[in-house]
Amino acid sequence: MGSVKIQNMTKTFGDFTALHDINLDIKEGEFFALLGPSGCGKTTTMRCVAGFENPTSGSIYIGDREVENVPANKRNCGMVFQSYALFPHMDVFDNVAYSLNIKHLNASNPIKRLSIFGRLLSKRLGKYPDDIRNKVMEILEYVELDQHANRLTSELSGGQQQRVALARALVMEPAVLLMDEPLSNLDQKLRHSMRNTIRTIQQDLGITTIFVTHDQEEAMSMADRVAVMDKGHIVQIGTPTDLYSNPQTPFIANFVGTSNILKGTVAAEENGMTVMKGEGFQLKSSNKAKNKDVDIIIRPEHVRVEPADSVIDPLQTNVIEGEVIMSTYLGSIVRYDVQVGSYQLIVDTTYSSGANIFQEGKKVKLTVDHERVLLI
Ligand SMILES: Nc1ncnc2c1ncn2[C@@H]1O[C@H](COP(=O)(O)OP(=O)(O)OP(=O)(O)O)[C@@H](O)[C@H]1O
Ligand SMILES: [Mg+2]
């Protein structure tokens, strides 16, 4: 059983509380991301699950087993670190075989142990017992490194080293795979392809995975569910689409994707609409406000921009006047910064070739559908 449950976990270092009452329920086979800015407690949470750190209070279950008194090497967790932590003087095969051999060694009788120990010292592929050799080669094929089995890891590219680290964790057939910022040392292009590799392997094996990152795009594109952390707290847990379309706090709205956040006051409730006023704008939303003072969240891609003199459909509830202060051509989209009262709103419009791009100083009208106006 590879589910992971964390109940009321806190962790303090001296006077400093790094984790406040963490609760997580990660299902078997789930790809779960811990997302948050630097210092929010992601690694500490992971280290507590792995057994490298003890929670100050609370409990952790891996499967049905409460693991408080279970040492790290008995928790059946595979770990992949940001730094890979490979042995540079060993080749790819030995790096991956290392832990398997140790396990074999621990499990064997003393005479067998001696002979296996001899093999461990040997760097020749053929000297490993067949079962270890086959298993290591199988996993190396899986991460497409079988052709490099005899290369020193110090001679590999970043992406290849990353795959060795992954193979080394997977070869132990852990119940839970823990990955702490595994892609952050890779360049942009490689990160993208490694995301797919990791996700495919995870799904193929159905292995419960906790993936730590501060990169929202990474978390959103890979995970089944994401827990967003801030200052040692979990602020929201949900699927990527949940988090994007229903952020519970302005912090999440900003951290998960780009948002325009405006301060407004509820002026009226009419015909199922919340009417809000703020500096330089009035907006209507079909969403309910919990308080009189609200944070109004509008995603850049939900705003349309038109010249100030264009005739707007009278059924359009939200029309705001503004002035373009910057336009940035990004290939498939054009991003505008538009001054509206005291706010600079970000507007993303799809760009079709030959279309006119509004230049700095252009007076425009912005429109946004009422259901796209989120209230927190
Ligand atoms: N051993 C320790 N002693 C004291 N403080 C610690 C220790 N380990 C972590 N902390 C503190 O706990 C907080 C959370 O650290 P953690 O490493 O979990 O953050 P993180 O979310 O992984 O950040 P990053 O994205 O930078 O890796 C930080 O303020 C950190 O300084
Ligand atoms: Mg960390």
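Since the model is a prediction, treat every value here as computed from it, not as a measurement. Every number for a ligand or one of its atoms is a count from 1 in the order of the listing.
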Ignoring hydrogens, just give me the one of [options] whose non-hydrogen atom is nearest [atom].
atom	options	value
atom 25 (O) of ligand 1	Gln82, His214, Lys42	Lys42
atom 23 (O) of ligand 1	Cys48, Ala18, Ser184, Gly39	Gly39
atom 19 (O) of ligand 1	Gly14, Gly36, Pro37, Gly41	Gly41

Ignoring hydrogens and angles, tell me if any N or O in the side chain of Asn260 forms a donor-acceptor pair with the backbone of Ile346 under 3.5 Å.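 Answer holds: yes.
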Which protein heavy atom lies closest to [atom], and at what distance to 0.1 Å?
atom	result
atom 22 (O) of ligand 1	Thr43 OG1, 2.8 Å
atom 6 (C) of ligand 1	Phe13 CD1, 3.3 Å
atom 26 (O) of ligand 1	Ser38 OG, 2.5 Å
atom 15 (O) of ligand 1	Thr44 OG1, 3.6 Å

So which bit of Met229 gets within less than 4.0 Å of ligand 1, heavy atoms only: side chain, backbone, both or neither?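 Under 4.0 Å from ligand 1, Met229 contributes no heavy atoms.
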Going by the atom numbers of ligand 1, which of them fall below 4.0 Å from some non-hydrogen atom of Phe16?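 What qualifies from ligand 1 is 11 (C), 12 (O), 13 (C), 29 (O).
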In terms of atom number and element, which parts of ligand 1 are under 4.0 angstrom from non-hydrogen atoms of Cys40?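 Listed by number with element, the hits are 19 (O), 21 (O).
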N/O/S atom of Thr43 inside 2.8 Å of the Mg ion (ligand 2), strictly under: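 Yes.
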State whether the shortest distance between N or O atoms of Glu53 and N or O atoms of ligand 1 falls below 3.5 angstrom.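 It does not: no N or O of Glu53 is found under 3.5 Å from an N or O of ligand 1.
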At what distance, to the nearest 0.5 angstrom, does CG of Asp204 lie from CZ of Arg199?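 Spacing of CG (Asp204) from CZ (Arg199) equals 11.0 Å.
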Beyond-backbone contact of Leu145 with Arg151, side-chain heavy atoms, under 4.5 angstrom: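 They are not in side-chain contact.
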Report the relative orientation of the aromatic rings in His233 and His20; use parallel for angles under 30°, tilted for 30 to 60°, perpendicular for over 60°.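 The rings of His233 and His20 lie parallel, inter-plane angle below 30°.
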